[in-house]
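Right, one structure below, let's go through it.
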Amino acid sequence: QVQLVESGGGLVQAGGSLRLYCAASGRTFSSYPMGWFRQAPGKEREFVGAISWSGSNTYYADSVKGRFTVSRDNAKNTLYLQMKSLKPEDTAVYYCAARGGGLPGRDPSDYDYWGQGTQVTVSS
């Protein structure tokens with residue numbers, strides 16, 4: 001089992017940047033494909049990006065491609081989400097998630113472990 005804790009959220013103006021962190025503890029972090037999801041009020045949780053266990057492959061939702069970057073440092077047991085050119089529609093609670101095995105997925109049901117989330121608010 002792995003425990004996940006997100007941090008780095010906050011209030012930022014449109015066009016600004018933020019970096020989110022997901023600290024992992026428990027079983028070997030490096031064995032887990034990881035994903036980032038977000039959920040805005042009244043909306044379903046949606047895929048943002050994902051990364052393979054080694055970090056060699058990344059995947060993005062079309063809405064964030066070119067603006068967001070997912071990366072990981074397995075030595076530090078940490079997952080990152082670098083966000084730039086933020087838009088008001090990026091406002092949501094952002095969650096990191098770990099998948100027990102296989103390839104990174106794009107559906108929340110693909111993932112086995114979740115953090116508690118961190119709020120990102122982008123003002124216009």
Side-chain angles (χ1 to χ4, degrees):
Q1 191 168 354
V2 62
Q3 292 77 43
L4 305 172
V5 179
E6 302 95 335
S7 61
L11 174 64
V12 63
Q13 288 189 331
S17 299
L18 274 178
R19 194 182 200 195
L20 303 185
Y21 303 81
C22 174
S25 60
R27 292 184 61 184
T28 307
F29 171 73
S30 60
S31 66
Y32 290 96
M34 299 292 296
W36 284 101
F37 291 79
R38 66 186 181 187
Q39 188 166 18
K43 295 188 176 182
E44 293 187 351
R45 192 167 297 190
E46 66 172 359
F47 172 75
V48 174
I51 190 167
S52 60
W53 64 269
S54 66
S56 58
N57 295 293
T58 53
Y59 311 84
Y60 297 97
D62 289 343
S63 59
V64 307
K65 198 172 294 183
R67 300 189 299 123
F68 290 12
T69 302
V70 180
S71 60
R72 66 191 298 163
D73 186 335
N74 287 340
K76 296 182 178 180
N77 284 2
T78 303
L79 175 73
Y80 306 97
L81 180 65
Q82 179 68 51
M83 306 184 293
K84 64 180 183 180
S85 303
L86 282 161
K87 306 175 182 179
E89 51 263 43
D90 294 319
T91 295
V93 177
Y94 283 70
Y95 299 89
C96 66
R99 188 173 189 182
L103 297 174
R106 293 175 177 259
D107 193 278
S109 65
D110 293 333
Y111 292 81
D112 303 292
Y113 307 103
W114 292 83
Q116 83 291 345
T118 185
Q119 176 71 47
V120 172
T121 303
V122 184
S123 62
S124 57

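This chain uses plain numbering: 1 for the first residue, then up along the sequence.
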N/O donor-acceptor pair under 3.5 Å between Thr58 side chain and Val70 backbone:
no
Between Arg38 and the options Val93, Asp90, Thr118, Leu81, the side-chain contact (heavy atoms from CB on, under 4.5 Å) test singles out Asp90
Is a donor on one side and an acceptor on the other found under 3.5 Å between the side chain of Ser56 and the backbone of Ser54?
no
Which heavy atom of Pro88 sits nearest to which heavy atom of Ala14, and what is that distance?
CD-CB, 4.1 Å
Is the backbone of Ala40 close enough, under 3.5 Å, to the side chain of Arg45 for a donor and an acceptor to pair up by distance?
no
What closest approach, in Å, do Ala24 and Leu4 show between heavy atoms, and which atom pair accounts for it?
CB-CD2, 3.7 Å
CG of Asp107 to CZ of Arg99: how many Å apart, nearest 0.5 Å?
9.5 Å
Do Ile51 and Trp114 belong to the same hydrophobic cluster, where Ile, Leu, Val, Met, Phe, Trp and Tyr are linked whenever their side-chain heavy atoms lie under 4.5 Å apart, directly or via other members?
no
Quick one, Met83 and Val12 - any side-chain contact, counting heavy atoms below 4.5 Å?
no
Separation of Cys22 SG from Arg72 CZ (nearest 0.5 Å):
9.5 Å
Hey, is the main chain of Gln116 close enough, under 3.5 Å, to the side chain of Glu6 for a donor-acceptor pair?
yes
Treating Arg67 as the side-chain partner and Ser85 as the backbone partner, does any N or O pair qualify as donor plus acceptor under 3.5 Å?
yes
With clusters defined by side-chain heavy atoms of hydrophobic residues (ILVMFWY) lying less than 4.5 Å apart, directly or transitively, does Met34 cluster with Tyr59?
no
To the nearest 0.5 Å, what is the distance between CZ (Phe37) and CD (Glu46)?
10.0 Å
Does the side chain of Phe29 reach to within under 4.5 Å of the side chain of Asn74, using non-hydrogen atoms?
yes
Would you confirm whether Arg106, through its side chain, and Ala50, through its main-chain N or O, come within 3.5 Å as a donor-acceptor pair?
no
Donor-acceptor pair, distance only, cut-off 3.5 Å: does the side chain of Tyr111 make one with the backbone of Gly105?
yes
Under a 3.5 Å distance rule, please check whether Thr121 uses its side chain to pair with a backbone N or O of Thr91 as donor and acceptor.
no
Single-linkage hydrophobic cluster Leu79~Tyr95, side-chain heavy atoms < 4.5 angstrom
no
Which distance, rounded to the nearest 0.5 Å, do you find between the OG of Ser52 and the CG of Leu103?
8.5 Å
Any donor-acceptor N/O pair, Gln82 side chain to Thr69 backbone, under 3.5 Å:
no
Check whether any side-chain heavy atom of Gln13 lies under 4.5 Å from a side-chain heavy atom of Val122, and answer yes or no.
no
Should we count CG of Leu11 as having more than 12 external heavy atoms under 6.0 Å?
yes
Less than 6.0 angstrom separating the ring centers of Tyr21 and Tyr80, yes or no?
yes
Got a second to check how far Ser71's OG is from Arg19's CZ, nearest 0.5 Å?
5.5 Å
How long is the gap from CZ on Phe68 to OG on Ser63, to the nearest 0.5 Å?
7.5 Å
Do Tyr60 and Leu18 share a hydrophobic cluster (ILVMFWY, side-chain heavy atoms under 4.5 Å, transitive)?
yes
same_hphob_cluster(Val2, Leu20) at 4.5 Å side-chain heavy-atom cutoff:
yes
